[in-house]
J.: 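Below is a structure I'd like to ask you about.
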Number of protein chains: 2
Amino acid sequence: MDSLLQRIDQEIVAIGGKRSRSRAQVIEVFFRTGTHVTVEELTHAVRKRNRSVGSATVYRTVKLLARLDYAKELDFGDGLKRYESNLEAHHDHLVCQECGAVFEFKEPRIETLQEQVAKQHGFFPTMHRLDIYGYCRKCAPGDKRNRDK
Amino acid sequence: MDSLLQRIDQEIVAIGGKRSRSRAQVIEVFFRTGTHVTVEELTHAVRKRNRSVGSATVYRTVKLLARLDYAKELDFGDGLKRYESNLEAHHDHLVCQECGAVFEFKEPRIETLQEQVAKQHGFFPTMHRLDIYGYCRKCAPGDKRNRDK
DNA sequence: AGTGAATTTGAAATTCATTATCATCATAGG
DNA sequence: CCTATGATGATAATGAATTTCAAATTCACT
Ligand SMILES: [Mn+2]
Ligand SMILES: [Mn+2]
Ligand SMILES: [Zn+2]
Ligand SMILES: [Zn+2]
């Protein structure tokens with residue numbers, strides 16, 4: 001964890017940047033915080049530690065992490081971007097449109113089929129996004145918990 | 001085509017709406033125009049026929065079509081929404097991040113696997129979005145056409 | 001520690017797609 | 001024609017994200 005922060009710092013310096021307190025705090029909180037976080041959520045979390053961090057810095061830091069491939073930018077269509085650590089392996093998402101819960105899954109067979117589809121179209125894929133929207137177990141219509149409206 | 005417009009008009013009336021010239025023009029141009037269109041593009045196309053149509057009406061109409069399930073709202077992550085006819089069967093997209101071209105594909109095996117994944121998670125899917133980003137044939141790095149940077 | 005160039009910061013201003021407002025217009029039924 | 005109500009288009013408002021900018025911080029070099 002500390003070594004991760006060091007590694008990132010190093011990379012920033014290599015790019016011609018300088019270390020900074022606020023940014024380091026944002027990065028640390030980002031990797032400790034629950035995933036699929038919005039900038040607003042992350043800003044609040046950071047401010048618990050350092051009240052004076054501006055949201056502009058959070059926006060900047062999260063974009064920087066995405067540029068360095070340490071974070072992934074997500075968009076579940078609700079009007080604000082979310083971010084997740086990019087340290088874990090690639091995965092796709094199930095998004096509950098009732099409670100907003102996000103579940104992750106891996107399905108190598110889907111990945112393979114995507115490669116095939118791309119190849120069939122002479123297309124060189126660099127990334128993809130597969131989001132499945134619907135209702136999670138708790139919010140499912142007809143579920144016992146929801147029987148009485 | 002005319003029958004489509006009539007059918008939509010009928011549905012709007014059933015919802016408690018009235019017919020209107022501007023809206024009818026937007027709808028007709030929408031179904032004649034190339035797909036994956038932005039509101040700005042659609043507004044320009046409509047104004048070739050009727051200079052006085054306001055973009056607010058185009059926004060409203062396209063949202064209405066989406067609500068009535070005649071149109072689908074798309075978001076390829078470039079900051080503006082796109083719309084396509086929802087008369088054709090479901091399909092997913094290949095998006096070139098160089099030239100912006102969009103290609104469509106159907107892969108029933110992917111659809112099936114998605115159902116399975118959802119079921120495994122006790123999730124009731126209502127829709128999904130699969131976008132593959134990369135470089136199309138023309139924009140592919142290493143392509144003859146791009147050999148000289 | 002001091003100096004100075006370069007980067008970063010936080011607040012505020014700006015951007016830009018989209019939505020809401022509202023006075024006016026069009027539609028449709030009696 | 002009348003009237004009720006929905007629709008329009010110009011404009012204002014919204015809100016997430018970006019940019020601006022003066023002040024603060026970092027850091028290599030004395
Ligand atoms: Mn995830
Ligand atoms: Mn399409
Ligand atoms: Zn749920
Ligand atoms: Zn291309």
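Chain letters run A, B, ... following the sequence lines, proteins first, then strands; residues in each count from 1. These figures come from a predicted structure and were not determined experimentally.
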J.: Under 4.0 Å, heavy atoms only, any strand: does S55(A) hit a base, just the sugar-phosphate, or nothing?
T.: nothing
J.: Should we count CD of Q116(B) as having more than 12 external heavy atoms under 6.0 Å?
T.: yes
J.: Could you check how far OH of Y83(A) sits from P of dA16(D), rounded to whole Å?
T.: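 Distance, rounded to whole Å: 13 Å.
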J.: When you list every nucleotide of DNA chain C with an atom under 4.0 Å from a heavy atom of chain A, which one comes first 5' to 3', and which comes last?
T.: dA5(C) to dA11(C)
J.: Assess whether atom NE2 of H121(A) is packed by more than 12 heavy atoms of other residues, nucleotides or ligands within 6.0 Å.
T.: yes
J.: Would you kindly give the CG-to-C1' distance between D78(A) and dG15(D), to the nearest whole Å?
T.: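 My rounded result for the distance is 13 Å.
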J.: Rounding to a whole Å, what distance do you find between L42(A):CG and dA16(D):P?
T.: 15 Å
J.: Is it the case that over 12 heavy atoms from other parts of the model lie below 6.0 angstrom from the CD atom of E88(B)?
T.: yes
J.: Quick check on F103(A): does its CZ atom have over 12 non-hydrogen neighbours (other residues, nucleotides or ligands) under 6.0 Å away?
T.: yes
J.: Can you find a side-chain donor-acceptor pair between E41(B) and T33(B) that sits under 3.5 Å?
T.: no
J.: To the nearest angstrom, how far is R23(B) atom CZ from dG9(D) atom C1'?
T.: 14 Å
J.: Does A89(B) offer a backbone N or O that forms a donor-acceptor pair with the side chain of H91(B) under 3.5 Å?
T.: yes
J.: Mapping S22(A) and G16(A) onto DNA chain C by nearest heavy atom, which one lands closer to the 5' end?
T.: G16(A)
J.: Could you check how far CG of D75(B) sits from P of dA16(D), rounded to whole Å?
T.: 16 Å
J.: Quick one: E73(A) CD to dA16(D) P, roughly how many Å, whole number?
T.: 15 Å
J.: Pick the closest DNA chain D nucleotide for K18(B) and for K18(A) by heavy atoms, then say which residue is nearer the 5' end.
T.: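 So the residue in question is K18(B).
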J.: Once rounded to the nearest 0.5 Å, what's the spacing between atom CZ of F124(A) and atom SG of C96(B)?
T.: 11.5 Å
J.: What's the OH-C1' distance between Y59(A) and dT20(D), to the nearest Å?
T.: 17 Å
J.: Roughly how many Å is it from CD in Q25(B) to P in dT8(D), rounded to a whole number?
T.: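 Q25(B) atom CD is separated from dT8(D) atom P by 10 Å.
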J.: Need to verify one output field. Residue with the more 5' nearest nucleotide on DNA chain C, G79(B) or R60(B)?
T.: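 With G79(B) and R60(B) compared, the 5'-side residue is G79(B).
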